Amino acid sequence: MWNFKYTAQYLSCVADLEAHPDVQSMRFLPQHAKGVSTYDHCCLVAYSSFRICAALGLDARSAARGGLLHDFFLYNWQTGSRSGGDHAFNHPLYALANAEARFDLNDTERDIIATHMWPLPLHRFYRCWESLVVSCMDKVCALAELMGLVPLLTRGGRIPAPVPVYPSVPEVTAAAKAG
């Protein structure tokens with residue numbers, strides 16, 4: 001877990017989930033961007049949702065727990081295993097079934113997991129404000145991952161320098177002399 005300011009309060013909400021081997025197995029499943037696991041993504045979503053819900057006077061504990069389990073589908077969606085091409089629409093239901101089989105969830109946590117992909121599908125709409133917060137943070141975190149901004153969000157250091165698209169002049173000159 002990254003060293004966030006309110007880590008102790010956050011961990012008090014999710015410690016039992018964090019201790020479960022299936023939650024830890026998400027560390028080995030890829031998510032939106034190279035180098036970001038499903039576990040990393042869920043932790044970012046859960047912590048940011050926890051902080052926002054706490055600031056808004058909402059159920060921060062349920063937001064943290066639902067956020068951590070929102071992508072608890074436990075398969076590699078990039079290889080198409082289990083999803084059958086419908087991952088974007090149905091993985092919340094797979095995640096909910098997995099979470100319910102392993103943990104006691106409250107109604108808010110169930111709603112967070114089931115509705116986090118809205119508007120995919122349109123008929124699965126939020127029933128509580130915490131679900132809206134987690135869904136929004138899911139999208140913000142996914143975009144940050146794709147843009148390489150996770151190190152900034154996690155205070156984990158600087159963003160790595162971009163790989164140059166075109167070789168530099170010395171590289172072109174060296175290649176021309178060698179060829």
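This one's a predicted model, so the numbers in the text were calculated from it and none came from an experiment.
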Spacing of [atom1] belonging to [X] relative to [atom2] belonging to [Y], to within rounding of 0.5 Å:
X: M26; Y: Y39; atom1: CE; atom2: OH; answer: 7.5 Å
X: E100; Y: L105; atom1: CD; atom2: CG; answer: 5.5 Å
X: L69; Y: L17; atom1: CG; atom2: CG; answer: 5.0 Å
X: C13; Y: Y47; atom1: SG; atom2: OH; answer: 11.0 Å
X: M137; Y: H41; atom1: CE; atom2: NE2; answer: 10.0 Å
X: L96; Y: R110; atom1: CG; atom2: CZ; answer: 7.5 Å

Nearest non-hydrogen partners of [X] and [Y], listed with the distance:
X: I113; Y: A99; result: CD1-CB, 4.0 Å
X: A60; Y: A54; result: CB-N, 3.7 Å
X: D138; Y: D71; result: OD1-OD2, 4.4 Å
X: E18; Y: Q24; result: O-NE2, 2.7 Å
X: N106; Y: S62; result: ND2-OG, 2.9 Å
X: T115; Y: D111; result: OG1-O, 2.6 Å

Salt-bridge present (R65, D59; N to O < 4.0 Å):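 The answer is no: the pair does not qualify as a salt bridge.
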Can you check whether H70 reaches C42 side chain to side chain, under 4.5 Å on heavy atoms?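 Result yes, sub-4.5 Å side-chain heavy-atom pair found.
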I'd like to check Y10 versus L68 (side-chain heavy atoms, cut-off strictly below 4.5 Å). Are they in contact?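 A side-chain contact under 4.5 Å exists here.
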Would a distance-only check, ignoring hydrogens and angles, find a side-chain to backbone donor-acceptor pair under 3.5 Å from S135 to L132?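 No, because the side chain of S135 does not come within donor-acceptor range (under 3.5 Å) of the backbone of L132.
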Pair V134-V45, side-chain contact (heavy atoms from CB on, under 4.5 Å): steps then yes or no: CA-CA 7 Å; V134 172; V45 171; 3.9 Å; yes
Would you tell me whether S37 and D40 have side-chain atoms, one donor and one acceptor, within less than 3.5 Å of each other?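 Result is yes, a qualifying pair exists.
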What orientation do F72 and F103 show, parallel under 30°, tilted 30 to 60°, or perpendicular over 60°?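 Because their plane-to-plane angle lies in the 30° to 60° range, the rings of F72 and F103 count as tilted.
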Counterpart residues, side-chain hydrogen bond (donor to acceptor under 3.5 Å, both in side chains), relative to S48 (two or more places apart):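 S48 satisfies side-chain hydrogen bond (donor to acceptor under 3.5 Å, both in side chains) with no other residue.
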Picking from L56, T108, L58, what satisfies side-chain contact (heavy atoms from CB on, under 4.5 Å) with W129?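 Running side-chain contact (heavy atoms from CB on, under 4.5 Å) over L56, T108, L58 with W129 returns exactly one hit, L58.
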Test side-chain contact (heavy atoms from CB on, under 4.5 Å) on E109 and R61 and set out the steps. CA-CA 9 Å; E109 293 162 357; R61 182 178 191 280; 4.1 Å; yes
